[in-house]
K.L.:
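I'd like to ask some things about the structure below.
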Amino acid sequence: MALVEVQVPDIGDFDEVTVIELMVKVGDTVKAEQSLITVESDKASMEIPSSTAGVVKEMRVALGDKVKQGSIVLVVEAAGAPAAPAPAAAPAAAAAAPAPAAVAAAPVAAASGPVQVFVPDIGDFKDVVVIEVMVKPGDTIKVEQSLITVESDKASMEIPSSAAGLLKELKVKVGDTVNIGDLLAVLEGIAAVAAPVVTVAAAVAAPVASAPAAAQAPVAAAAAAVAAPAHAPGGNTVGLPHASPSVRKFARELGVPLDEVKGSGLKGRITADDIQAFTKAVMSGAAQTKAQAAKAPASSGGDGAALGLIPWPKVDFAKFGPIERKEMGRIKKISGANLLRNAIMIPAVTNHDDADITDLEAFRVSTNKENEKSGVKVTMLAFLIKACVAALKKYPEFNSSLDGDALVYKNYWHIGFAADTPNGLMVPVIRDCDKKGVLQISQEMGELAKKARDGKLGPAEMTGATFTISSLGGIGGKYFTPIINAPEVAILGVCKSTMEPVWDGKQFVPRLMLPLSLTWDHRVIDGAAAARFNAFLGQILSDFRRVLL
Ligand code: CAO
């Protein structure tokens with residue numbers, strides 16, 4: 001048994017390529033032509049096959065290494081046949097590919113007029129699949145800009161444009177198979193650019209399976225030779241998951257959506273193990289594909305499988321007593337789905353506090369007496385809205401929204417209020433509360449609450465809030481933990497005020513205390529800020545003249 005050094009064969013015009021995947025390890029038995037590693041340039045990835053069958057004795061490359069023609073990949077103890085000769089004399093697969101001038105030479109010397117772009121010589125490949133279209137009609141295309149990515153089972157490569165111009169028509173779509181000479185696109189030439197005679201010669205010499213292994217020099221399984229020197233990448237490759245052709249093929253066979261798989265390889269590359277792990281997770285119910293998640297009932301959030309939870313209990317309630325089943329109403333279903341998302345996705349914390357509203361309530365009652373004839377009743381909630389606007393102005397992060405890693409501060413103060421309706425919870429929005437007085441807010445609130453109860457609120461009357469108040473004061477209770485109305489970052493819950501003995505430093509005095517529950521998004525707001533917000537709110541409510549400050 002002889003030891004054979006397996007080298008990188010001719011890989012076309014590439015000087016150096018990076019090893020992005022090791023497909024075998026020491027001790028593995030490999031067949032001749034079996035892929036050993038995947039290498040990648042900025043335009044193509046290709047698998048390097050073994051020139052000989054045998055057992056891998058030593059790996060000479062590691063992930064991230066740069067290799068070129070002649071680099072030793074690994075050492076194999078050749079099985080049976082005498083060792084293959086030193087593979088230096090690899091046939092230059094790329095060079096062997098004839099320069100397909102006739103095919104790829106798109107005549108673009110003219111300044112305008114339609115220019116056809118064809119699939120250039122892509123070596124011995126037949127029927128390669130279009131796996132990505134990187135441009136769309138209307139795009140301005142540069143010479144050498146990548147138009148599509150094609151893939152065989154051994155290599156993927158980008159096909160650049162032979163001409164510059166405005167893309168009028170694309171003749172291929174993802175999933176099509178293409179061959180040399182196929183019409184790819186029609187451009188409206190906009191510049192007198194002499195296209196390179198051969199824009200791309202992705203010459204892929206398929207392994208010569210019939211040649212006896214002993215005599216066979218390592219032939220490049222894939223030598224995607226891009227004739228143009230490292231041209232500017234199109235910049236449109238974002239979105240194509242990073243994976244070798246064989247991994248893509250594997251994913252396609254299993255129906256795995258590659259863009260949903262998290263790569264664990266070099267630079268986030270997706271490996272065959274990642275595909276297997278993804279498949280296992282989906283099959284065991286520990287994960288869901290996006291398509292599965294989309295099918296899950298919105299109001300219940302599915303059965304929690306997407307979150308890795310145990311299934312929702314299924315109980316035959318009729319076994320325990322008489323039951324009646326009623327479908328939930330539309331509003332409940334919609335609000336349920338929103339509440340569930342907000343409860344799960346927001347790291348929410350609630351601070352509870354009390355505000356002394358003794359004087360404010362007295363003022364409210366006397367105002368209502370004075371305004372009895374006007375028909376507008378001033379509500380505690382209207383005062384709360386004004387007080388909250390003052391607090392939101394002092395602590396602007398409470399009036400913001402998260403947008404990725406940025407905070408969007410809103411310079412308007414539209415306040416939503418939860419309204420209990422026969423159809424379920426609705427949140428009408430009062431706009432520009434900073435510019436309105438308590439009377440106007442009370443009046444609008446009455447109108448909006450009535451509309452909500454009558455099921456007549458329009459979408460515009462329920463959107464755009466920057467902060468929400470949920471008041472259960474008219475009903476009862478002490479404190480509760482309201483759920484934030486995303487994309488807002490905080491919500492104030494209010495319960496029923498009660499007379500309580502409060503120590504004034506010398507004695508207990510009866511004061512009307514209003515329980516406040518502020519829920520806030522901990523990604524945006526800190527506990528200290530929340531405590532300050534509540535304290536400030538309490539100060540204003542105990543002495544409403546502070547709103548004027
Ligand atoms: N403490 C003590 N009494 C209060 C109070 C408070 N915090 N808030 C209101 N009240 C009193 C009012 O003064 C009124 O008494 P009078 O009739 O004697 O004047 C009575 O309770 C009824 O008030 P109301 O609830 O009709 O009016 P409002 O302005 O306080 O609230 C609205 C309006 C639309 C918010 C309310 O009708 C409502 O729907 N509340 C429920 C909101 C809700 O469901 N929140 C939970 C969301 S989370 O599931």
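Indexing begins at 1, ligand by ligand and atom by atom, following the structure's order.
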K.L.:
Should you measure from each heavy atom of Thr379, which atoms of ligand 1 turn up under 4.0 Å away?
P.N.:
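Matching atoms, with element in brackets: 29 (O).
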K.L.:
Side chain, backbone, both or neither: which part of Arg364 comes within less than 4.0 Å of ligand 1 when only heavy atoms are counted?
P.N.:
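It is the side chain that gets close, since no backbone atom is under 4.0 Å.
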K.L.:
Which residue from Ser335, Ser470, Gly477, Gly473 reaches closest to atom 8 (N) of ligand 1 through any of its heavy atoms?
P.N.:
Gly473
K.L.:
I need the nearest protein heavy-atom contact for atom 40 (N) of ligand 1: residue, atom name and distance, please.
P.N.:
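For this ligand atom, the closest protein heavy atom is Ser471 O, 3.2 Å.
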K.L.:
Which residue supplies the protein heavy atom nearest to atom 31 (O) of ligand 1, what is that atom called, and how far is it?
P.N.:
Leu381 CD2, 4.1 Å
K.L.:
Any donor-acceptor pair under 3.5 Å linking the side chain of Glu21 with the backbone of Val39?
P.N.:
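Answer holds: no.
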K.L.:
With heavy-atom distances below 4.0 Å as the criterion, list the atoms of ligand 1 near Leu425.
P.N.:
47 (C)
K.L.:
Is the shortest distance from atom 17 (O) of ligand 1 to a protein heavy atom below 4.0 Å?
P.N.:
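Yes, at least one protein heavy atom sits under 4.0 Å from atom 17 (O) of ligand 1.
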K.L.:
Minimum heavy-atom separation for Gly165 to Leu187, with atom names?
P.N.:
N-CD1, 4.0 Å
K.L.:
Would you say Ser146's side chain and Ile148's backbone share a donor-acceptor pair under 3.5 angstrom?
P.N.:
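Not at all, since once roles are kept as given, no pair shorter than 3.5 Å links the two residues.
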K.L.:
Which ligand 1 atoms, with their elements, are less than 4.0 angstrom from a heavy-atom of Ala419?
P.N.:
39 (O)
K.L.:
In ligand 1, which numbered atoms sit nearer than 4.0 Å to a non-hydrogen atom of Leu472?
P.N.:
43 (C), 44 (O), 45 (N), 46 (C)
K.L.:
Considering heavy atoms of the protein only, find what lies nearest to atom 25 (O) of ligand 1 and give residue, atom and distance to 0.1 Å.
P.N.:
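For this ligand atom, the closest protein heavy atom is Gly474 CA, 3.9 Å.
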K.L.:
Tell me if the CZ atom of Arg532 is crowded by more than 12 foreign heavy atoms within 6.0 Å.
P.N.:
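For Arg532, atom CZ is not crowded (no more than 12 foreign heavy atoms under 6.0 Å).
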K.L.:
May I ask whether atom 35 (C) of ligand 1 is less than 4.0 Å from at least one protein heavy atom?
P.N.:
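Within 4.0 Å of atom 35 (C) of ligand 1, protein heavy atoms are found.
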K.L.:
Count the heavy atoms belonging to other residues, nucleotides or ligands that lie under 6.0 Å from CZ of Phe480, then report whether that count exceeds 12.
P.N.:
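Atom CZ in Phe480 is packed in, count exceeds 12.
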K.L.:
Using only atom types and a distance under 3.5 Å, with no angle test, would you say the side chain of Lys436 pairs donor to acceptor with the backbone of Arg431?
P.N.:
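The answer is yes, because a donor-acceptor pair under 3.5 Å joins these two groups.
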K.L.:
Which residue holds the protein heavy atom closest to atom 37 (O) of ligand 1, what is that atom called, and what is the gap in Å?
P.N.:
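For this ligand atom, the closest protein heavy atom is Arg453 NH1, 3.9 Å.
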K.L.:
Aromatic ring centroids of Phe467 and Phe398 under 6.0 Å?
P.N.:
no
K.L.:
Heavy atom of Pro482 under 4.0 Å from ligand 1?
P.N.:
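No, Pro482 has no heavy atoms under 4.0 Å from ligand 1.
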K.L.:
With nothing but distance in play, are any N or O atoms of Cys495 less than 3.5 Å from an N or O of ligand 1?
P.N.:
yes
K.L.:
Within the distance-only criterion (no hydrogens, no angle test), does the side chain of Asp274 pair as donor or acceptor with the backbone N or O of Ser264 below 3.5 angstrom?
P.N.:
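Confirmed, Asp274 side chain pairs with Ser264 backbone.
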K.L.:
Is atom 43 (C) of ligand 1 touching the protein, meaning some protein heavy atom lies under 4.0 Å away?
P.N.:
yes
K.L.:
Is there a donor-acceptor pair under 3.5 Å between the side chain of Asp526 and the backbone N or O of Ala528?
P.N.:
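Not a single qualifying donor-acceptor pair exists.
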K.L.:
Does atom 27 (O) of ligand 1 have any protein heavy atom closer than 4.0 Å?
P.N.:
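It does not: no protein heavy atom is found less than 4.0 Å away from atom 27 (O) of ligand 1.
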K.L.:
Could you tell me whether Leu514 approaches ligand 1 through its side chain, its backbone, both or neither, with non-hydrogen atoms closer than 4.0 Å?
P.N.:
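Within the 4.0 Å criterion, Leu514 contacts ligand 1 through side-chain atoms alone.
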K.L.:
Should the proximity of Asp420 to ligand 1, defined as any heavy atom under 4.0 Å, be assigned to the side chain, the backbone, both, or neither?
P.N.:
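The part of Asp420 near ligand 1 is both the backbone and the side chain.
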K.L.:
May I ask you to decide if Gln507's main-chain N or O and Asp504's side chain share a donor-acceptor pair within less than 3.5 Å?
P.N.:
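Here the side-chain-to-backbone pair exists.
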K.L.:
Are the side chain of Thr519 and the backbone of Pro482 linked by a donor-acceptor contact shorter than 3.5 Å?
P.N.:
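Indeed, once roles are kept as given, a pair shorter than 3.5 Å links the two residues.
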K.L.:
For Met283, does the CE atom sit with more than 12 other heavy atoms under 6.0 Å from it, leaving out its own atoms?
P.N.:
no
K.L.:
What are the two closest heavy atoms between Glu500 and Lys478, and how far apart are they?
P.N.:
OE2-NZ, 2.7 Å
K.L.:
Identify, by atom number and element, the atoms of ligand 1 in contact range of Lys377, meaning under 4.0 Å from any of its heavy atoms.
P.N.:
16 (P), 17 (O), 19 (O)
K.L.:
Quick one: which of Gly493, Gly446, Gly424, Ala418 has a heavy atom closest to atom 32 (C) of ligand 1?
P.N.:
Ala418
K.L.:
Measure the distance from atom 1 (N) of ligand 1 to every protein heavy atom, then report the residue, atom name and distance (to 0.1 Å) of the closest one.
P.N.:
Ser497 N, 2.8 Å
K.L.:
Counting only heavy atoms closer than 4.0 Å, does ligand 1 sit against the backbone of Ile483, its side chain, both, or neither?
P.N.:
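Contact part for Ile483 vs ligand 1: neither.
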